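Notes follow the structure.
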Amino acid sequence: MTIDSAETLQTARGCPFAPPEQHVRLLRERPVAKVKLPTGRDAWVATRYEDIRTVLSDPRFSANRRHPAAPRLVNDGSEQPASSPLPKMMLEMDPPEHGPVRRAVVGEFTLRRIAAMRPRIQQIVDEHLDAMLAGPRPADLVHAVALPVPSLVICELLGVPYDDHDFFQTNSAQLLNRRASEQERQHAVLELAVYLDKLITAKEQQPTDDLLGRQIAKQRETGTVDHQALISLAFLLLIGGHETTANMISLGTYLLLQEHPEAAQALREHPEKAEHAVEELLRYFTIAEFAMARVTLEDVELSGTVIPAGSGVLMLANAGNRDPEVFEDPERFDIERGARNHLAFGYGAHQCLGQNLARVELEIFFSTLFRRVPTLRLAVPAEQLSFKEEATVYGMHELPVTW
């Protein structure tokens, strides 16, 4: 069966916590559907949990985002994929190209290596909470803690000077802003690429003991030095390493303070519950809701619907993470659920490289915040808060809090 009719894809949530109503309706009524993107072009969406996992693991679906049919939410006025000063990034690669590139860096994110970072991450969280508590009230949790904590962590891991964080945070926000023009987004990419080019050149001349320095040393050992590939790797990890975690910190804090104070109290009394709470927050928000895009390399049947070869496919993981066939009572937020089989980090060969680091950062943050600041509360009415409906990665612009 094929489907010819298409309705325009909703990209705004409306409700801070839930996926767009359309996504949930498609999950119930038409789990594989043709939609019209904001660009005016057609694509397909998958909303069922099992279908999404199939798309993410089946070699008949290509991860190449520079393919002419790759679904895009922003219109640059061209039928061609956007040009980029960066070579193809890891998340855009298919086998056999993808495997060696990922294996070269995956050792930096093992459970053992990330566990060794726990004391330093705890120190960073405590220092930023100390500074917030010593400052004026109310404070903006986004700029006081949520952004700087993961930014400093990823900067130290990569070997990027944290003093430059305003520069790369500004450009990454522009890059992820769907309301920015194509020229503005491309300018942000170029600015970051030039910055990272200079940084990696300096590391090639004077070795450093950090992730990028170790990648340079590894390349030299194997005789496969690829300066441009290092720029792409640094770009991917720098952007992904702070945007997603920062938004989860602010959204999670807001949800626990405003909607589920009983869960915040449970974390105050039992900080060890943070591990399960983090998994539920990841499932509940699924902030990178439009990040998983593929192109069919041949006709593929999915849940009884044939998606033609050369079609763009978006996986609406925010709907998949509320699939009642997988998650009991999926609309309910429950920090005891602790289900790690959610799709917030993707699935398959491209599953988020930094998921172990993100989990540890979030666990440490939430187990510390409510213990150290038991009187924390919102400083403005909830209806005054604004959310990143315009961004590829969902989050909050600011979160005024007091205590």
Side-chain angles (χ1 to χ4, degrees), residues 46 49 52-58 61-65 88-95 97-115 117 121 146 149-151 153-155 157-158 172 175-176 211 215 232-249 251-252 275 277-294 313-321 326 338-366 391-395:
Y49 178 91
I52 292 171
R53 296 206 342 166
T54 296
V55 175
L56 290 172
S57 58
D58 191 318
F61 294 88
S62 171
N64 181 10
R65 300 183 181 208
K88 191 185 294 183
M89 288 190 287
M90 186 191 315
L91 56 74
E92 302 173 293
M93 297 177 180
D94 294 323
E97 183 183 21
H98 173 258
V101 176
R102 185 177 175 101
R103 287 193 294 272
V105 72
V106 72
E108 296 283 350
F109 296 95
T110 62
L111 285 170
R112 182 177 179 180
R113 187 178 285 272
I114 299 304
M117 296 174 62
I121 296 172
V149 165
S151 294
V153 171
I154 196 65
C155 281
L157 177 63
L158 294 177
S172 65
L175 174 64
L176 297 173
L211 186 150
Q215 288 297 302
S232 282
L233 175 65
F235 184 95
L236 176 63
L237 296 178
L238 185 62
I239 302 300
H242 80 271
E243 279 287 346
T244 50
T245 306
N247 286 317
M248 279 303 305
I249 286 174
L251 285 168
E275 182 177 351
V278 164
E279 299 302 330
E280 181 68 343
L281 287 166
L282 289 164
R283 180 195 74 86
Y284 199 68
F285 282 112
T286 317
I287 59 174
E289 54 192 329
F290 300 111
M292 292 182 279
R294 295 292 186 267
V313 182
L314 280 172
M315 287 139 287
L316 303 183
N318 52 8
N321 275 337
V326 180
R340 291 174 64 95
N341 60 327
H342 55 74
L343 299 164
F345 291 122
Y347 181 73
H350 284 280
Q351 193 168 38
C352 177
L353 188 66
Q355 61 179 296
N356 292 332
L357 177 60
R359 282 186 164 108
V360 167
E361 289 181 85
L362 293 170
E363 288 169 20
I364 289 174
F365 174 79
F366 286 113
T392 303
V393 178
Y394 187 64

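Nothing here was measured: the structure is a model prediction, and the numbers come from that model.
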side-chain contact (heavy atoms from CB on, under 4.5 Å) evaluation trace for D58 with R294:
CA-CA 10 Å; D58 191 318; R294 295 292 186 267; over 6 Å; no
Pair I114, M117 - check side-chain contact (heavy atoms from CB on, under 4.5 Å), show working.
CA-CA 5 Å; I114 299 304; M117 296 174 62; 3.8 Å; yes
Trace of the side-chain contact (heavy atoms from CB on, under 4.5 Å) decision for M248 with E361
CA-CA 10 Å; M248 279 303 305; E361 289 181 85; over 6 Å; no
After noting the C-alpha distance and the side-chain angles of V105 and L211, does the key distance pass the side-chain contact (heavy atoms from CB on, under 4.5 Å) rule?
CA-CA 8 Å; V105 72; L211 186 150; 4.1 Å; yes
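Taking each heavy atom of S151 and H242 in turn, the nearest pair found is OG-CB, 3.5 Å. Here the closest non-hydrogen pair linking S62 and N64 is OG-N, 3.1 Å. Residues E97 and V101 approach most closely at O-CG2, 3.5 Å, considering heavy atoms. The two residues I52 and G320 have their closest heavy-atom pair at CD1-CA, 4.0 Å. When every heavy atom of N247 is checked against every heavy atom of Y394, the shortest pair comes out as CB-O, 3.2 Å. Closest non-hydrogen pair, M93 versus A63, comes out as O-CB, 3.9 Å.
A 4.5 Å side-chain heavy-atom check between L157 and L357 finds at least one atom pair inside the cut-off. L56 places none of its side-chain heavy atoms less than 4.5 Å from the side chain of H350. The shortest distance between side-chain heavy atoms of L282 and L362 falls below 4.5 Å. Contact of the F235 side chain with the L175 side chain is registered, since non-hydrogen atoms from C-beta on lie closer than 4.5 Å.
At a threshold of 4.0 Å, the pair E275-R359 does not count as salt-bridged, since none of the basic side-chain nitrogens sits closer than that to a carboxylate oxygen. Between R340 and E279, at least one side-chain nitrogen of the basic residue sits less than 4.0 Å from a carboxylate oxygen of the acidic one, meeting the salt-bridge criterion.
Note that CZ of R112 and CG of N356 are 14.5 Å apart. Values are rounded to the nearest 0.5 Å. Residue N321 holds its CG atom at 11.5 Å from CG of L316, rounded to the nearest 0.5 Å. Distance check, rounded to the nearest 0.5 Å: CG of L91 to CG of L236 gives 5.0 Å. The distance from the OH atom of Y347 to the SG atom of C352 is 16.0 Å, given to the nearest 0.5 Å. Here F61 contributes atom CZ and M315 contributes atom CE; the two are 8.0 Å apart, rounded to the nearest 0.5 Å. The CZ atom of F290 sits 9.0 Å away from atom OG1 of T392, with the distance rounded to the nearest 0.5 Å.
Remark: of the listed residues I121, V360, T245, I249, I249 is the sole one forming a side chain to side chain contact (heavy atoms under 4.5 Å, CB included) with F365.
Judged purely by atom type and a 3.5 angstrom limit, T286 has no side-chain atom pairing as donor or acceptor with the backbone of E289. Between the E92 side chain and the M89 main chain, a donor and an acceptor come within less than 3.5 Å of each other. Panel note: side chain R283, backbone H342; no donor-acceptor pair is recorded below 3.5 Å. The closest donor-acceptor contact from the side chain of Q351 to the backbone of L343 lies at 3.5 Å or more, if one exists at all.
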